[in-house]
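For reference, the structure is listed below as structure tokens.
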Amino acid sequence: MSEASHIRILRDAIGEAARQVTGAEDIRVELTPPASADHGDLATPVAMTLAKAARRNPREIAGEIADRLREREDVIDVEVAGPGFINLRLSPRWFADSVADVVAAGEAYGADGAVPAERILLEYVSPNPTGPLHVGHARQAAYGDALGRILEFVGHTVTREAYVNDYGRQMEVFGAAVAAAYAELIGDEPVPPEDGYSGAYIAEVAARLHQEAGDRYRGQVSPPTGDTLDWFATRGGALMLADIQAVLERARVRIDSYFSETTLHREGLVQKGVEALVQGGHAVEREGALWFRSSEFGDEKDRVLVRANGVTTYLAADVAYHANKADRGVDRLIDVLGADHHGYIARLKALLAATGHDPEMLEVMIQQLVSLQERGESKRMSKRAGTLVTMEELLDDIGVDALRFFLVDRSHDTALDLDLDLAREQSQENPVYYVQYAHARCVNILAKAAAAADVADPVTPPGDLDPSERELVTTLLAWPAAVAEAAARRSPHRVAAYLRDLARDLHAFYHRCRVVGEAPEVQVFRVALTTATRDVLKGGLALLAVTAPDRM
RNA sequence: GCGCGCGUAGCUCAGUGGAUAGAGCGUUGGCCUCCGGAGCCAAAGGUCGAAGGUUCGAAUCCUUCCGCGCGUGCCA
């Protein structure tokens, strides 16, 4: 059930009235809470949207539509305002029916609204198993996972995948660094690689490998070569990847499959992909290297696939990987990448076009940089200075709920300043607790009302509604549109923003209206309203993988 | 230089053609015999970076300019 049925009936009625007045077909009726509550319960700008095609004054059209709506029982007042808005005030009966709709829909409320439903392959995080996940990965993970949940909720079929960059020189350097730490451990001469990896985690990996292999590699690691180097790189990488997966799991990030870059090379798919490009005339040799002619497909310039020394580039593997993904029978590919990869978009689209796919099937969602703020100051992060904050440290510091909420509370294309003091705060200032508290408050009220509450009964309309009740109901009715918008725009932050709005309306309602101990018809209505709010809060938080505690 | 992103309240940010531009934090002032005050109510605070243009209507679309970030490797 994507929309409560009584608001749909109303929307259809407005559409029909507009059709009668203007003759237009297929009218999309936007029906939202107005900017100010004293404009009514719901408002629509439909007359203004139709004015141009109808070549008529929007206020005139609005007036005629309004006349038709006035006859309806559920509408107690209609007025035309401003440039042509139609403002509606709805009956208590309509409010009661609408709340009952939401309660009846339960978990399905707002779900399955996507048209058409697509099969989507969503790639995010994509770690290098040469080091721990950092803050940037955390943002990609929180965004990607929330987006996946939202897309599924509105009816798409989603496969979540992470591409593991476990191939190439970086793995060798990593292996050499681990081997050097191992050498130090067993008293051999350590030969750390230049520009190598450092940090305590390298020593940890070395220690775990020492437990596994003992002193077997004594005399072979100063420096390691061949199979020995390969062993340190591969085994070390496997340990790192396991750690990475554990951190993601702890952060409630779901990934269906980890796709190994090495596999692509081992199975000859990279080679095959490159050859296909050559045969298609999309790759040419120049100055000893093999170039992908991506500029033919809108990229700024051509890109190297195979270097003069015969080694393939990262892009060559991506040809194979993206062609592979595009061939899996999906309608859409979504890549979540960091800000430093935005130059990559044109390349990826070009390689899809060159391999005979529609480049439009790929969407690349770029995540802007994250910086951490503490005591009013930005914490500078640098890999070299060793001040990089890992995702695991962040989880230890502020917890899963705060991390998940804060990282998706802002649009993905704006740089994010994560205020650690605020995130740690277990108080009113913290938006996570604000929303969670609203949920706990609903649960508490319902527990108190439990004896009297029978929401299965038809919800009876109260004599009149408090303004805070009207606002809470119209906000609840806006949920399907909000989550559909979040999905369509790939914008999980809209869900977070919606939940804050809903929590605010709930708190305001709580302070103005008592639920327990009121006249029976009032109590029944308010119990239903509280139930609906609880369910939407819980469902919305679940889309962000944030818990909805019953008590705090 | 070129490409992409961003410039909105003191700070962090919502708002991709509709009404008097919003929220959180911060500031100021109110509200606990009452379902949890982790809350509520109110006030102050804005030339939406600048200038043109399109439109009945522009923070939103177009053009130019200014500022910030990132990219612009035979790195990944």
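First the proteins, then the strands, lettered A, B, ... as listed; each starts at 1.
- Taking the six-membered ring where the residue is Trp, A:His137 and A:His134 present tilted rings, their angle falling between 30° and 60°.
- For A:Thr414, there are no side chain to side chain donor-acceptor pair (under 3.5 Å) partners two or more places apart in sequence or in a different chain.
- Remark: A:His282 pairs with A:Phe297 by the ring-ring contact (aromatic ring centres under 6.0 Å, His included) rule, at least two apart or across chains.
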Nucleotide N/O of nucleotides 58-62 of chain B paired with protein N/O under 3.5 Å:
none

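- Looking at heavy-atom distances under 4.0 Å, A:Pro58 makes no contact with the nucleic acid at all.
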- Query: Once each nucleotide of nucleotides 6-15 of chain B is scored for protein heavy atoms under 4.0 Å, what B/S/- sequence comes out, 5' to 3'?
  - Reply: S-----BSSS
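- Between the CG atom of A:Asp299 and the P atom of B:rC2 there is a distance of 18 Å, given to the nearest Å.
- Residues passing the side chain to side chain donor-acceptor pair (under 3.5 Å) test with A:Asp409, sequence neighbours excluded: A:Arg500.
- With sequence neighbours left out, A:Thr262 forms a side chain to side chain donor-acceptor pair (under 3.5 Å) with A:Asp166.
- For residues 80-89 of chain A, every residue pair satisfying the salt bridge (charged side-chain N to carboxylate O under 4.0 Å, His left out) rule, not counting sequence neighbours, is listed here: A:Asp41-A:Arg89.
- Applying the side chain to side chain donor-acceptor pair (under 3.5 Å) rule to A:Tyr321 yields the partners A:Glu161; only residues at least two apart in sequence or on another chain are considered.
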- What pattern of brackets, bars and dots sums up RNA chain B from 5' to 3', given Watson-Crick or G-U wobble pairs under 3.5 Å, [ ] for crossing pairs and | for another strand? (((((((..((((....[...)))).(((((.......))))).....(((((..]....))))))))))))....
- Query: For nucleotides 70-76 of chain B, read 5' to 3', which letter fits each nucleotide if B means a protein heavy atom sits under 4.0 Å from the base, S means only the sugar-phosphate is that close, and - means neither?
  - Reply: BS-SBSB
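- Residues in residues 123-138 of chain A take part in these salt bridge (charged side-chain N to carboxylate O under 4.0 Å, His left out) pairs, two or more places apart or across chains: A:Glu123-A:Lys325.
- Contact check of residues 498-509 of chain A against RNA chain B (heavy atom, cut-off under 4.0 Å) returns A:His507, A:Ala508.
- When each of A:Asp419 and A:Ile345 is assigned the nucleotide of RNA chain B with its nearest heavy atom, A:Ile345 is the one assigned upstream, toward the 5' end.
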